[in-house]
Amino acid sequence: MTLLLWGGALAAWLFIVTFVLDGWTRPGYRPVRHPVSALALGSRGWLQTGNFVVCGLMITGASVALAGELDSVALAVVVGVFGIGVIASGVFPMDAMRGYPPGTPDETPAETSSRHKLHDWAGVLVFGLVPVAAVVAAFVLPGTGWKWYSALTAAATVVGFVAFGQTFEQDHPRAGLVQRATIVVGWTWLGAVFAHAAQGG
């Protein structure tokens, strides 16, 4: 169980490291504008697809151990469904749009594929369940520090989720930056929760 929990922590943190480094070095990709999911497109798309699927599997596996270590089935279920959403984000990639991959028209298509719609629903799970998990953790985790950290994470990720939804719909030039900030806040917290549980809760 301890190995599963450390695996979950590393998965959350390495997910961030992977998309940051890949986004900085990907030709034609603009991290400030384009979402993380767009990295699953193009000739190097396998890297982000693998990032989604491997990290999602590790987080889902680690969620099972949370129930015992933190004595919370509710937190384990929420985190487990979150992990499944991450896997689905990789299995169902978004459509090419807004100039990426290079050569794609610099606009949002009028119609999107069924695959893209499934990706969107997976994204709702991923972004929506982080604040839910943080709220549950605020009641479950002992210590004032963890309760405040979890509550602030819940508030910040709700604001980030709403802001990203608005900026992405408007194709705002900083939509990718808003999304990245939200992911970093939420996934850093999740990794810390796994690490805390791995050390005995």
Is it the case that the side chain of His34 and the backbone of Arg30 share a donor-acceptor pair, with hydrogens and angles ignored and the cut-off at 3.5 Å?
yes
Using a 6.0 Å cut-off, check whether atom CZ of Arg174 has over 12 heavy atoms from anything other than its own residue.
no
All heavy atoms of Ala65 vs all of Met1, minimum pair found to be CB-SD, 3.5 Å
Value for CD1 (Ile183) from CZ (Phe164), rounded to nearest 0.5 Å, stands at 7.5 Å
How about CG on Asp71, more than 12 heavy atoms from neighbouring residues, nucleotides or ligands closer than 6.0 Å, or not?
no
What one should report as the nearest heavy-atom pair of Ala122 and Ala88 is CB-CB, 3.8 Å
Note: Pro35 and Phe168 closest approach over all heavy atoms is CG-CE1, 3.9 Å
query = Are more than 12 heavy atoms from other residues, nucleotides or ligands located less than 6.0 Å from atom CG of Leu3?
reply = no
To the nearest 0.5 Å, atom CG of Leu21 lies from atom CD1 of Ile16 at 11.5 Å
Quick one: do the Tyr100 and Arg33 side chains pair a donor with an acceptor below 3.5 Å?
no
On a heavy-atom basis, the closest approach of Val126 and Ser89 is CG2-OG, 4.0 Å
Minimal heavy-atom distance between Ala156 and Val185, with the atoms involved, is CB-CG1, 4.1 Å
Q: Report yes or no: do Thr112 and Asp95 form a side-chain donor-acceptor pair below 3.5 Å?
A: no
Q.
Would you say the rings of Phe194 and Trp13 are close, in the sense that their centroids are separated by under 6.0 Å?
A. no
| Aromatic rings Tyr149 and Trp146: how do their planes relate, parallel, tilted or perpendicular, breaks at 30° and 60°? | tilted
> In terms of side-chain heavy atoms, does Thr108 have a donor or acceptor partner in Arg98 at a distance below 3.5 Å?
Replying inline: yes
Looking only at heavy atoms, the pair that brings Glu107 and Met97 closest together is O-CB, 3.7 Å
* Describe, in one word, how the ring planes of Trp187 and Phe82 are oriented to each other, choosing from parallel (under 30°), tilted (30 to 60°) and perpendicular (over 60°). => perpendicular
